[in-house]
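Take a look at the structure set out below.
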Amino acid sequence: MHRKFDHQAIEQKWQKRWEDSGIYATPPSDTNQEKEYVLLEFPYPSGNLHIGHWFGFAVPDIYVRMRRMQGKRVFFPIGFDAFGLPAENAAIKHNLNPKEWTDANIAHMTDQLRSMGNAFSWDALCRTSDPEYYRWTQWMFTQFFEKGLAYQGVGVVNWCPSCNTVLANEQVVNAACERCGAVVLKKEMLEWKLRITEYADRLIDDLEELDWPEAIKESQRRWIGRSAGAKISFKLSTGETLEVFTTRPDTLFGVTYMVLAPEHPLVEQYKDIITNWADVEAYVAATRQKDEQDRLDDTKEKTGVKLEGVTATNPANGAKVPVYIADYVLAGYGTGAIMAVPAHDERDFAFAKKFELPVISVVYQDGGEIRPTSNMQANPGSGRLKNSGEFDGMNSEEAKKTITEKVGGTLTNTYRLRDWSVGRQRYWGVPIPIVYDPEGKPHAVPQEHLPWLLPTDVDFRPTGEPPLAKSAELKERTEKIFGAGWRPAVETLDTFVDSSWFFLRYLDPHTTETFATLEHQKDWMPIDLYFGGAEHTTMHLLYSRFWQKALFDLGVVTAAEPYTRRINRGLVLGPDGNKMSKSKGNVIDPDEQVKRLGADTVKMYLAFMGPYGEVTNYPWDLGGIAGIRRFLERAYGLTDHIAESEPETTTRLLHKTIDKVFRDINAYKFNTAISALMVFVNHVEKEGVTDDSYAIFLRLLAPFAPHLAEELWEMAGNTTSVHQEAWPQADSALLTEDTVTIGVQINGKHRGEIAIAANASEEEAFAAAKANTKIQERLTGEVRKIIYVPGRILNIIV
RNA sequence: GCCGGGGUGGUGAAAUUGGUAGACACGAGGGACUUAAAAUCCCUUGCCGAGUUACAUUGGCGUGCGGGUUCGAUUCCCGCCCCCGGCACCA
């Protein structure tokens, strides 16, 4: 019978008891239990937990709790990604300190997190803004600096005019700032970068080993964008050589012109040689003017200017070809210059048509020559060579190698990935632990001076000038330690740096000797399962893989890859099917729901919406959550149906439920696991259940409704925690039925059902079918064939 | 344009990956209880039709569209259409 329960009293009671007894604290190393490190993307302390946090944190807790009951030694920590711009912006708005704002939010959100009732290892909690955390962020950065992995260089950066800071390439989405949506500008400046490009191959190749959804792997591969080709040098009429990157060295004989990116250094250098310099200069200036948005808006009509007075010589056949600048060639990719083969590249073809340049076809396909003419398209396919001298008839693949060798080029890979820009011209972050000597040469702050504290005497309102530059304390500190004329770096680190190693600090949150002992790393790393959102595919997930590899090369971590398995989840939408937002007024407040219906209900409802681990968006359904609450009330009232004995159907169903709940949780299909529990409750309400079976049911319920299951477990007379009980084992003998109902088809059409022994022979099944009047009526003609799949189907062909 | 993931009732979704399509839940309709409402309980609920006073019963269609393979297709193959996410002149 359905029965109300006081969820607030129950939840408070058990949350306190679990904490007092410390049953979820980080498990000690010295046991024979198998370890399992389950990680969540830690929250940014924005002020309030939203439904997305619940979806992301409370649902994986189901998996964690089952694994614990199965005897695994599970580590399930939580923390805060506490540095970042919102704190600064909020502080400016409310006229307080970013630290105060952040700390207050953390305190509040910690309470909210506790109300979830997750099996968190609270003892491992850490926050990236604590000096004891960021001293290690800084230490790692200095190690990278010493190895040349962190460097400062002048380049064109992405500048967000609204956030007043540099952004990494990954943080620019559709030419706009990933955080605030402002259109990103190009700006030339000195910036701090990490050489992630040096790890490009490993970041691609090591994906093979990972048990990740293919979609994420593919996105990372495409983001890194490795392409195999060759670097080939062309002699210029000026005497210098021009190096180009091409994926098609086999088409070298088809080169009819060259193109440099407008920003290419040679352009400026040839100022006095180029006879139409005014035109060239104007084009370069126009390109510089264009921001990212303009480039996207382009209709992709090709533009460019010929460099009059400069020609290039094709190393393959000595042909002299003109040289252009055009903005379809990007300064940041390859060598910033290309050899153009209009016959076999669509972009070159479009350009050649516009500027009336020759098109020479040098590749044809077997079984029919396809040659572009001025009215046709380029043919980018591979095939056999022609018009290529001694290489005629060779296939493209072989020719790529042979021709490259012949002209003294080198086969090489080129990547789309850019080095990771990590310096930020803002306040609330990790100060870059670098000081400059009087000559301006950068030096790492030595370990004994770490943490290199974030100064507090700072006006952090954004002016475009880094706030730390205004700190007298930082300046004095630097001079005091290093000497007169020394000055500190004034940028802070991108917060993606902080989150690139948080999972290591969880292992040893209080050690002052190191960021995490090797002993604990060996015990827990790599992370077995990482739950998170799809938006981090080419940001956090890529950065932290790189960071781990860089640490691995320093010999300070034990694993070359941080995350063995990854599950991406979808999004919870508002009841109207739109993304929740204050302006749409469709925001569901989890606190309100928890107060009204309980944490167990909210958690279970989120788990019931659909399969987890598929990036699908689920609208919040007010009626749906009421249904879950109803289910829990019925589970609560199940004691009314406890009897001395139970029918065999109940026992069998129980074992099927054990089996299904286990398999479904293991596959993150929490929705169908819950429906199996519902089926069991529906059945027991009619048929009754014994004490023993009821106790098993409570153990199955425990991961989904930890508070209620614990309460019922206690009400059933137990003094232990249900969460420390062993996970039930299904009796395989009870999983298979003796008799089954199977469908009967005639000519493939469903015509009825028969109940027969599970191991019935074809003859027996056919006999049973003939005994069925409905079937019999239809079996008029001669039976030509019988298809019988035991336990599944009987199909009679007449 | 390219890459990835999808399209199943009024809704969220199931379907042991070729074997009774729609489990479970929501919503809706009807009934019981109640002075009444809420809550709860029971029944019905893919669509269209036949049939009966009411049951019982029964036919056809149905997993985005069009083909194909198969005894049998939501599942496999071919060709389209649409939706969501990512990338976007990357040589």
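Proteins get letters first, then strands, A, B, ... in listed order; numbering begins at 1 in each.
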key: side chain to side chain contact (heavy atoms under 4.5 Å, CB included) assessment of A:Leu542 paired with A:Tyr199   = CA-CA 11 Å; A:Leu542 192 62; A:Tyr199 285 76; over 6 Å; no
key: Between B:C41 (P) and A:Asp640 (CG): distance, integer Å   = 12 Å
note = Of A:Asp621 and A:Gly743, the one whose nearest nucleotide on RNA chain B sits closer to the 5' end is A:Gly743
Candidates A:Trp620, A:Trp54, A:Phe55 - the one meeting ring-ring contact (aromatic ring centres under 6.0 Å, His included) with A:Tyr605 = A:Trp620
key: Proximity to the side chain of A:Pro611 - top-ranked nucleotide from B:U20, B:A14, B:G12   = B:A14
query = Taking atom P in both B:G4 and B:A13, what distance in whole Å separates the two?
reply = 23 Å
ask   = Closer than 4.0 Å, any side-chain N/O of A:Lys217 to the OP1 or OP2 of B:C3?
value = no
query = To the nearest Å, how far apart are A:Asn617 CG and B:G86 P?
reply = 11 Å
ask   = Touch check for A:Phe608, heavy atoms < 4.0 angstrom, all strands: base, sugar-phosphate only, or nothing?
value = base
Under-4.0 Å side-chain N/O to phosphate OP1/OP2 contact, A:Asn671 with B:A14 = yes
note = By side-chain contact (heavy atoms from CB on, under 4.5 Å), A:Glu763 pairs with (sequence neighbours left out) A:Ser761
task = Return the value, rounded to whole Å, for the distance between atom CG of A:Leu622 and atom C1' of B:U11.
result = 13 Å
query = What does A:Gly334 touch in the nucleic acid at a heavy-atom separation under 4.0 angstrom: a base, only the sugar-phosphate, or nothing?
reply = nothing
Distance, P atom - from B:C84 to B:U8, rounded to whole angstrom = 14 Å
key: Assigned glycosidic conformation for B:G86 [threshold 90° from 0]   = anti
ask   = Of the nucleotides B:C89, B:A91, B:C41, which one has an atom closest to the side chain of A:Asp327?
value = B:C89
message = Testing the 3.5 Å rule here: is there a donor-acceptor pair between the side chains of A:Asn578 and A:Asn586?
response = no
note = In terms of heavy-atom contacts, A:Met604 and A:Ala705 come closest through SD-CB, 4.3 Å
message = Does B:U16 have OP1 or OP2 under 4.0 Å away from a side-chain N or O of A:Arg792?
response = no
ask   = Is the phosphate of B:G60, meaning OP1 or OP2, less than 4.0 Å from a side-chain N or O of A:Arg751?
value = yes
key: Residue pair A:His655 / A:Asp731: nearest heavy atoms and the distance that separates them   = ND1-N, 2.8 Å
task = State, yes or no, whether a side-chain contact exists between A:Leu541 and A:Arg545 at a heavy-atom distance under 4.5 Å.
result = no
key: C1' spacing across the pair B:G10 / B:C47, given as an integer number of angstrom   = 12 Å
inquiry  = Distance check, C1' atoms only: B:A50 and B:A56, in whole angstrom units.
reply    = 14 Å
query = Separation of A:Leu417 atom CG from B:C87 atom C1', in whole Å?
reply = 14 Å
query = Under 4.0 Å between a side-chain N/O of A:Lys749 and OP1 or OP2 of B:C61, yes or no?
reply = yes
query = Looking for any heavy atom pair under 4.0 Å, which part of the strands does A:Val329 touch: base, sugar-phosphate only, or nothing?
reply = base
task = Quick one: label A:Lys656 by what it contacts on the DNA or RNA (base, sugar-phosphate, nothing), any heavy atom closer than 4.0 Å.
result = nothing
message = For B:A88 and A:Arg222 - does any side-chain N or O of the residue sit under 4.0 Å from the phosphate oxygens OP1/OP2?
response = no
task = Starting from the 5' end of RNA chain B, give me the residue, A:Thr616 or A:Gln745, whose nearest nucleotide shows up first.
result = A:Thr616
key: Nearest-Å distance once atom P is located in both B:G22 and B:A15   = 13 Å
task = Could you tell me whether the phosphate oxygens of B:A91, OP1 or OP2, come under 4.0 Å of any side-chain nitrogen or oxygen in A:Ser227?
result = yes
task = Just call it for A:Ile787: base, sugar-phosphate, or nothing, with non-hydrogen atoms closer than 4.0 Å on any strand.
result = base
request  = Let me know the distance between CD1 of A:Ile793 and C1' of B:A21, rounded to the nearest Å.
outcome  = 12 Å
task = Name the nucleic acid region contacted by A:Val679, choosing base, sugar-phosphate or nothing; use a 4.0 angstrom heavy-atom cut-off, strictly under.
result = sugar-phosphate
request  = Name the closest nucleotide to the A:Arg630 side chain, picking from B:G19, B:G12, B:G27.
outcome  = B:G27
key: Nearest-angstrom distance, P atom, B:G62 to B:G72   = 15 Å
key: Protein-nucleotide distance (A:His264, atom NE2; B:A91, atom P), rounded to Å   = 17 Å
task = Go through B:A23, B:U20, B:G12 for me and flag the one nearest to the A:Thr741 side chain.
result = B:U20
note = A:Met678 has its side chain closest, among B:C24, B:C41, B:G4, to B:C24
message = Taking the minimum atom-to-atom distance to the side chain of A:Trp223, which one of B:G4, B:A91, B:C87 wins?
response = B:C87
message = Can you confirm whether the side chains of A:Trp223 and A:Glu170 place a donor and an acceptor under 3.5 Å from each other?
response = yes
key: Secondary-structure stems, RNA chain B, at least 3 Watson-Crick or G-U base pairs under 3.5 Å   = B:1-7 with B:81-87, B:10-12 with B:24-26, B:27-32 with B:40-45, B:46-50 with B:57-61, B:64-68 with B:76-80
task = Please state how far atom CG in A:Leu794 lies from atom P in B:G18, giving the value in whole angstrom units.
result = 21 Å
key: Rounded distance (nearest 0.5 Å) linking atom CG of A:Leu597 with atom CG of A:Leu632   = 10.0 Å
query = Across the strands shown, which category fits A:Gly627 at heavy-atom distances under 4.0 angstrom: base, sugar-phosphate, nothing?
reply = sugar-phosphate
task = Could you check whether the rings of A:Tyr328 and A:Phe351 sit parallel, tilted or perpendicular, using 30° and 60° as the cut-offs?
result = tilted
request  = Compare side-chain N and O positions of A:Asn682 against OP1 and OP2 of B:A23 and report whether any pair is under 4.0 Å apart.
outcome  = no
Pairwise P distance, B:A73 and B:G30 [rounded to whole Å] = 40 Å
query = In whole angstroms, how far is the P atom of B:G12 from the CG atom of A:Leu573?
reply = 11 Å
query = Can you check salt bridge (Lys or Arg N to Asp or Glu O under 4.0 Å) on A:Arg629 and A:Glu633, steps first, answer last?
reply = CA-CA 6 Å; A:Arg629 170 71 192 203; A:Glu633 288 176 356; 2.8 Å; yes
task = Provide the distance between the two P atoms, one in B:C3 and one in B:C61, to the nearest whole Å.
result = 39 Å
inquiry  = Is there a side-chain contact between A:Tyr618 and the phosphate of B:G12, meaning an N or O under 4.0 Å from OP1 or OP2?
reply    = no
